[in-house]
Amino acid sequence: MNCNKLKDGVKSNRLSSTEYQENFSDIHPPLDNHEALVEADRCYFCHDAPCMTACPTSIDIPMFIRQIATGNKLGSAKTIFDQNILGGMCARVCPTETLCEEACVREVAEGKPVKIGLLQRHATDEAMAAQAQFYERSKTTGKKIAIVGAGPAGLACAHRLSMHGHEATIYDAAEKPGGLNEYGIATYKTVGNFAQTEVDYITEIGGIELKHGKRLGKDMTLDDLKSQYDAIFLAMGLTDVNELSIQGSDINGSEDAVDFISNLRQSDNFSEINIGRKVVVIGGGMTAIDAAIQAKLLGAEDVTICYRRGAEHMNASQYEQELATAKGVIIRHWLQPKTIHSKNGKLSSIEFEYTQSKDGKLTPTGETMAIITDQIFVAIGQRLAMSDFGKSEKIIKFEKGRIAVDSEFKTSIDGVWAGGDCIADGEDLTVSAVAHGRDAAESINRTIQS
Amino acid sequence: MADISSNFLGIKSPNPFWLASAPPTDKAYNVERAFEAGWGGVVWKTLGEEGPPVVNVNGPRYGAIWGADRRLLGLNNIELITDRDLYVNLREIKEVKKKWPDRAMIVSIMVPCEEAAWKAILPLVEETGADGIELNFGCPHGMSERGMGSSVGQVPEYIEMVARWCKANTRMPVIVKLTPNITDIRYPARAAQSGGADAVSLINTISSITSVNLDSFSPEPSIDGKGSHGGYCGPAVKPIALNMVAEIARDPETNNLPISGIGGVTTWRDAAEFLALGAGNVQVCTAAMTYGFKIVEEMITGLGNWMDEQGHKTLDDVIGRAVPNVTDWQYLNLNYVSKAKINQDSCIKCGRCHIACEDTSHQAITSMIDGYRKFEIIEEECVGCNLCVNVCPVENCITMEQLPAGSMDKRTGESVSKVYANWTQHPNNPSSVS
């Protein structure tokens, strides 16, 4: 029985195994064949389609949907992979409601866009299940490229470089490849070990070597790589988290949401994961939403997201906010954390101060409120780890705290490209990272071939 | 409330919706269910001559094409005429007619092209009390290989001959069912009339192969790896049927010949269109075979409500009303000028009008204005072809607007004339009469 369901404090085993299973199953179950045909038929095959323009990787969406409609699923998958080799993951995690589906003319017409994400998954799942490989390597060039980070940007870059006949070596600090796809995405969005399946699918092309447990700045320096490779692509993401520094933030029971999400992804037994009865999440982005929803799914009785600005300022899309509230998460706005309190050495409550926007500036109002809590997740942003750069920190240019690149993803250091979340224009989106990796690879190819 | 009761050749039925001669009318069980559901009449599935029963294939009899959500758009069949014993059918026809005296009971017949065969069967049918007969000169599959069905309907002389035999041998009204598998429907209709037929009914099914199985390379429906053309029917054939009905209705030789309209009638609206083009009633099959008999309720109420709205009191107010408006191309008014107009408020910016016009027509629709995605008609190029209206997914977003007389047609640079002028009067026509 659920002996710990209503127990105070941070406990494991709050739910029955059936409940865990249900809660962490596929959030958007795949379309079956007939559903896909009906949905594909809704696509108008627009000219100069707005959905395609809205896609950071510019997938020819009307074409791949038409290919589904005509029973040509492998052709459809190739149309997707031509632009986005991580089309399978993007189909699962893209905030389509703010990208292709928001631009869909049927969203404009009737508030019901074509389910582009689910259709993309339909086609890519089919191709991956059939182990259909669409790309062959060009003749080997002998050129070697080092890629730092085996996330979406690094993988997309490696695949495209491999297509051009180059050798790519990907260094990653973690035990498994995939980056945020493996460690940073809510469990219910990518079930069945999909991130690893996708890595295998991508690296099947050959010419890609994965090196685990290798962290830039610790296990090797940028200079080391420069001396060994013809080009370098930096795609390590944002590996440092912003910490909460308020009175009481050292009290046990306050932890980083990124770690929580990562641990959950790596768990094969959700009942072993500790969760509070009353959980507070601080932040307003996707990490806050993912942490809050999953806290709820693990059996927390109350989960409250507190964000220091209004709903319209949250980085999480409206759809994601609605998803959270539908799961029973309470989202509160205009509250910034002030003090964390403990009782008998244990976390007991968190005090917030109300805020307001005054002349465009966030100002505390002086009024406060407290929420009783036994666990706090902090999700107030991630940043570039400067330790990655070592001596190079002095010569590589930064912008807005991230790596500065030009339109070809070249950094200020000759022979070094960068993309994904670690660059100044990084949008914290899987799909944008893929576009960066792909386009950087094309630039690298042009440069080292010339 | 409009009166939708029908009187076709003196055969009365509470509404103009009859079930066509086909599987749904093969036995008393089905026909009684149809009458209970409200159908005005039936044409009993075709009876053949006395003797060993007809043999059907034992594999699939139907093939189909579908829309994306499996909406059945067209059906094809290779079933033959009734495979039940002649006397069982006759007995049931008699019983059902007796039980349902207010419904039309027509019996479809197909026997060999010999007078003796027709002479033999007609009294048997007459004895059932049926209201009329329909001569099946239409079936394009199976029976046609044996010199019956459409192989009779394709030879006007045979049609006339058999119609004459029937008129000479029965008091019952004779309806000749026509095959569309010919080049000009007016010839068989005229032949039926010459033979004394009281009416024609059309269209029977169209010879067709619905699809090919790309694994086995067999046509569908596949019988042990082989297929044979079947008869095509359902919503897909309606436009073909409407034209053929209209051709007969406006032919000076046959414009008084009653017509029973058949071909893809699925809703009251389809039925109203057939009536407007000169059909005295309609016959339905595929819609019933797809959805069951209950659809007749929608047809009855839909037709009645539309007639009420329009102020039509009886079917006679509707029948043939569109016939005078069907004309030859050469008489269309060349001084009628229209231009497409896009309602920007309802436009969802899919761009289909643009690409259709740009790639395949007249380059008369923009795709971008001042850097914004915007679709507007370029009147200097628009010939008013209506393609954009047809490809637009939003109803009434693009409309064809008539240019008033006296206004400037920007394409030609000429003022629109108010005078009706057609090709027969056009200076470019070498045989111009003006």
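Note on naming: letters A, B, ... go to the chains in the order of the sequence lines (proteins, then strands), and numbering restarts at 1 for each one.
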Original post:
Taking everything shown except E312(A) itself, do over 12 heavy atoms lie less than 6.0 Å from its CD?
Top reply: yes
Subject >> Distance (rounded to the nearest 0.5 Å) between D69(B) CG and E39(A) CD >> reply: 10.5 Å
**OP:** Please round to the nearest 0.5 Å and tell me the distance separating atom NE2 of H47(A) and atom NZ of K349(B).
**Re:** 14.0 Å
Original post:
Crowded around K115(A) NZ? As in, over 12 foreign heavy atoms under 6.0 Å?
Top reply: no
**OP:** Return the option, out of S367(B), G351(B), P393(B), with the maximum number of heavy-atom pairs under 4.5 Å with chain A.
**Re:** P393(B)
Original post:
Is the CZ atom of R446(A) crowded by more than 12 outside heavy atoms at less than 6.0 Å?
Top reply: yes
Original post:
Would you say the side chain of V38(A) lies within less than 4.5 Å of the side chain of R70(B), judging by non-hydrogen atoms?
Top reply: no
Original post:
Just wondering, are more than 12 heavy atoms of other shown residues or ligands nearer than 6.0 Å to NZ in K189(A)?
Top reply: yes
**OP:** May I ask you to check whether over 12 heavy atoms, not counting those of R411(B), lie within 6.0 Å of atom CZ?
**Re:** yes
**OP:** Evaluate whether atom CG of D224(B) has more than 12 neighbouring non-hydrogen atoms of other residues, nucleotides or ligands under 6.0 angstrom away.
**Re:** no
**OP:** State, to 0.1 Å, how close A49(A) and R373(B) come at their nearest heavy-atom pair, and which atoms those are.
**Re:** CA-NH2, 4.5 Å
Subject >> side-chain hydrogen bond (donor to acceptor under 3.5 Å, both in side chains) between D48(A) and H354(B), intermediate numbers included >> reply: CA-CA 10 Å; D48(A) 186 18; H354(B) 162 79; over 6 Å; no
Original post:
Is there a side-chain contact between Y44(A) and I348(B) (heavy atoms, below 4.5 Å)?
Top reply: yes
